[in-house]
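Per chain, numbering begins at 1; letters A, B, ... match sequence-line order.
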Protein chains: 2
Amino acid sequence: MQDTPMPLPRSRIQTRNREAILEAALEVFSSQGFRGATLEQIAEAAGLSKPNLLYYFPSKEVVHSTLLAGLLDTWLDPLREMDAAGDPVEEILGYVRRKLDLSRDFPRESRLFANEILQGAPRMRAVIEGELKALVEEKAAVLRRWMEDGRIARVEPVHLIFSIWALTQHYADFDMQVRAVLGEGHDPFAEAGAFLTTLYARLLRP
Amino acid sequence: MQDTPMPLPRSRIQTRNREAILEAALEVFSSQGFRGATLEQIAEAAGLSKPNLLYYFPSKEVVHSTLLAGLLDTWLDPLREMDAAGDPVEEILGYVRRKLDLSRDFPRESRLFANEILQGAPRMRAVIEGELKALVEEKAAVLRRWMEDGRIARVEPVHLIFSIWALTQHYADFDMQVRAVLGEGHDPFAEAGAFLTTLYARLLRP
DNA sequence: GTAGGTCTTGACCATACGGTCAGGAAAAGA
DNA sequence: TCTTTTCCTGACCGTATGGTCAAGACCTAC
């Protein structure tokens with residue numbers, strides 16, 4: 001259920017194959033969900049046989065958990081970077097920008113995460129109730145301070161953060177729908193960037 | 001793959017059992033995804049045996065498709081109701097309100113839909129590229145008109161609609177995360193209602 | 001009541017899937 | 001080179017799952 005905590009030494013082959021497996025698993029899990037994915041599919045996408053995959057990871061569960069574990073930090077970093085000492089509107093717009101960039105550059109990771117939460121986060125509950133919640137509370141306090149100082153408009157800070165998650169992740173998770181509705185000749189992420197900048201500038205103007 | 005178009009006569013038992021199956025299937029599919037759900041689970045939740053379930057529906061696929069088919073209209077109705085003749089801000093806020101009510105009252109339907117889009121909408125592509133796209137274009141034209149008449153601020157209309165989808169559906173699809181971060185003693189949907197009203201009022205003020 | 005249709009089920013089937021294992025191929029070390 | 005360790009695979013196993021079927025229970029109309 002858990003990878004060895006000790007960073008056991010890894011040969012070049014180990015490193016290469018473990019990476020190939022995780023890359024392939026990301027592709028398959030994010031587009032098929034945990035139960036929808038098969039070890040066969042993952043192994044093939046990684047250019048290995050199924051037993052060989054199971055030589056590097058003891059079970060399907062562990063592959064999935066490893067992927068999720070590596071994800072959260074990347075996902076939270078943009079929020080961590082929001083600096084209480086900076087200019088409020090710039091800091092928030094910067095956060096929106098960085099989060100949208102993640103959606104554009106790592107849509108599979110976003111969908112993997114979405115899949116997990118949709119199913120009730122059976123494998124991430126602890127992390128969400130711990131690390132994630134703590135970070136949100138910390139940053140909500142920063143936002144509240146800015147509001148009290150009259151530097152941005154007053155809105156419920158936690159829901160402000162939710163709105164940023166919802167709006168940015170939508171473009172990764174619902175990519176198919178977004179592109180279908182927009183039709184050809186659009187750059188969803190560029191347009192989203194412009195739209196979201198306007199939206200938050202207007203919302204936050206004191 | 002498709003239900004009989006003819007509304008064939010149904011006995012009371014047929015009606016009751018088909019309904020029980022669809023209700024149970026909604027519960028299971030929305031929380032486990034298509035492949036994660038088993039006929040056994042659905043049958044049990046419906047109070048039937050597996051072969052009996054298969055007496056009413058020829059396959060798992062058909063149960064799922066039937067569910068999806070019945071969904072889209074409910075999902076699109078709030079947008080359809082947005083009236084070009086009404087007051088712009090009121091109409092848009094009314095749409096947001098109705099969509100948020102759907103998220104609150106039919107979260108399972110929202111998650112079923114989200115699951116489907118996440119996997120690339122293999123069973124809904126046609127409908128999204130047809131009906132959904134057409135409706136969005138129609139309403140985007142209404143919004144654009146309102147902008148040209150100076151009755152609401154100028155923003156990209158289609159992305160405005162996307163933002164409403166993203167923000168309202170987030171509270172259904174990511175319910176688990178929202179509640180975990182908010183902690184006890186919160187009413188996510190009530191708070192979301194207040195937040196979204198403020199957000200769109202400020203965004204749209206001419 | 002009873003004949004004819006509707007509904008229900010236990011037993012069964014084929015396949016897919018996660019996972020194991022014994023042994024061979026390939027590297028790495030001596 | 002020879003030995004040891006790491007890597008890889010074909011064949012296999014047990015279980016879960018979607019789906020079938022023959023036969024019986026239950027309704028309902030006459």
Side-chain angles (χ1 to χ4, degrees), chain A residues 1-4 6-29 31-68 115 119 122-123, chain B residues 1-4 6-29 31-68 115 119 122-123:
Chain A
M1 191 63 56
Q2 191 191 336
D3 208 2
T4 324
M6 202 84 65
L8 36 105
R10 298 223 163 95
S11 72
R12 238 158 298 125
I13 295 180
Q14 287 249 352
T15 313
R16 173 168 51 81
N17 283 348
R18 281 183 62 99
E19 237 160 73
I21 290 168
L22 290 174
E23 157 68 24
L26 174 61
E27 185 69 31
V28 178
F29 280 136
S31 71
Q32 313 271 115
F34 179 76
R35 288 216 41 188
T38 76
L39 289 180
E40 192 73 47
Q41 271 178 297
I42 297 172
E44 184 182 341
L48 300 170
S49 66
K50 188 174 64 162
N52 201 12
L53 186 158
L54 286 163
Y55 172 77
Y56 290 99
F57 290 89
S59 72
K60 187 182 179 184
E61 273 286 339
V62 170
V63 178
H64 193 253
S65 305
T66 305
L67 231 34
L68 285 182
N115 253 307
Q119 326 283 313
R123 302 167 183 85
Chain B
M1 193 63 55
Q2 192 191 337
D3 208 359
T4 324
M6 201 84 66
L8 36 103
R10 297 223 164 100
S11 72
R12 237 156 302 125
I13 295 179
Q14 287 249 353
T15 314
R16 173 168 52 80
N17 283 349
R18 281 182 62 98
E19 237 160 72
I21 290 167
L22 290 174
E23 158 68 24
L26 174 59
E27 184 68 32
V28 178
F29 280 136
S31 70
Q32 314 269 94
F34 180 76
R35 288 216 44 187
T38 76
L39 288 181
E40 192 73 46
Q41 271 178 298
I42 298 172
E44 184 183 340
L48 300 170
S49 66
K50 189 175 64 164
N52 201 12
L53 185 158
L54 286 162
Y55 171 77
Y56 290 99
F57 291 88
S59 73
K60 186 182 180 183
E61 273 286 339
V62 171
V63 177
H64 193 253
S65 306
T66 305
L67 231 35
L68 284 182
N115 252 306
Q119 327 283 309
R123 303 167 183 85

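For C/dG10, the OP1/OP2 oxygens have no side-chain nitrogen or oxygen of B/Asn52 closer than 4.0 Å. The shortest distance between the side-chain N/O atoms of B/Gln14 and the OP1/OP2 oxygens of C/dC7 is below 4.0 Å. An OP1 or OP2 oxygen of C/dC17 is reached within less than 4.0 angstrom by a side-chain nitrogen or oxygen of B/Arg35. Checking the phosphate oxygens (OP1, OP2) of C/dC7, a side-chain nitrogen or oxygen of B/Tyr55 falls inside 4.0 Å.
Of all nucleotides in DNA chain D having an atom under 4.0 Å from a heavy atom of chain B, the first and last in 5' to 3' order are D/dT17 to D/dC21.
End-to-end axis angle of the helix from C/dG5-D/dC26 to C/dA30-D/dT1, from C1' rotation axes over five pairs per end: 10° (rounded to 10 degrees).
When rounded to the nearest whole Å, the span between CZ of A/Phe34 and P of C/dC17 equals 13 Å. One can place CG of B/Leu54 at 14 Å from P of C/dG10, the figure rounded to the nearest angstrom.
B/Glu23 meets the salt bridge (Lys or Arg N to Asp or Glu O under 4.0 Å) test with B/Arg108; sequence neighbours excluded. Legend: residues meeting side chain to side chain contact (heavy atoms under 4.5 Å, CB included) with A/Thr38, ordered by chain and number and at least two apart, are A/Glu40, A/Gln41, B/Arg35. Qualifying salt bridge (Lys or Arg N to Asp or Glu O under 4.0 Å) partners for A/Glu19, counting only residues two or more places apart in sequence or in other chains: none. Listed by chain and residue number, nothing satisfies the side chain to side chain donor-acceptor pair (under 3.5 Å) test with B/Gln32 (two or more places apart in sequence, or in another chain).
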Pair up each side-chain donor or acceptor in residues 48-60 of chain B with any protein partner under 3.5 Å, not counting sequence neighbours, and list the distances.
| residue | atom | partner | partner atom | Å |
| --- | --- | --- | --- | --- |
| B/Ser49 | OG | B/Asn52 | N | 3.3 |
| B/Tyr56 | OH | B/Asn17 | ND2 | 3.0 |
| B/Ser59 | OG | B/Glu61 | N | 3.4 |
| B/Ser59 | OG | B/Val62 | N | 3.3 |
| B/Lys60 | NZ | B/Phe34 | O | 3.0 |
| B/Lys60 | NZ | B/Ala37 | O | 2.7 |

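Taking every heavy atom of both residues into account, B/Ala24 and B/Ile42 meet most closely at CB-O, 3.5 Å. Residues B/Val63 and B/Phe29 come closest through the heavy atom pair CG1-CE1, 4.0 Å. Residues A/Ala20 and A/Ala46 approach most closely at O-CB, 3.7 Å, considering heavy atoms. Of all non-hydrogen atoms in A/Leu67 and A/Leu26, the two that sit nearest each other are CD2-N, 3.5 Å.
Residues of residues 37-50 of chain A having a heavy atom closer than 4.0 Å to DNA chain D, listed by number: A/Ser49.
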What nitrogen or oxygen pairs link the protein and nucleotides 22-29 of chain C at under 3.5 Å?
none

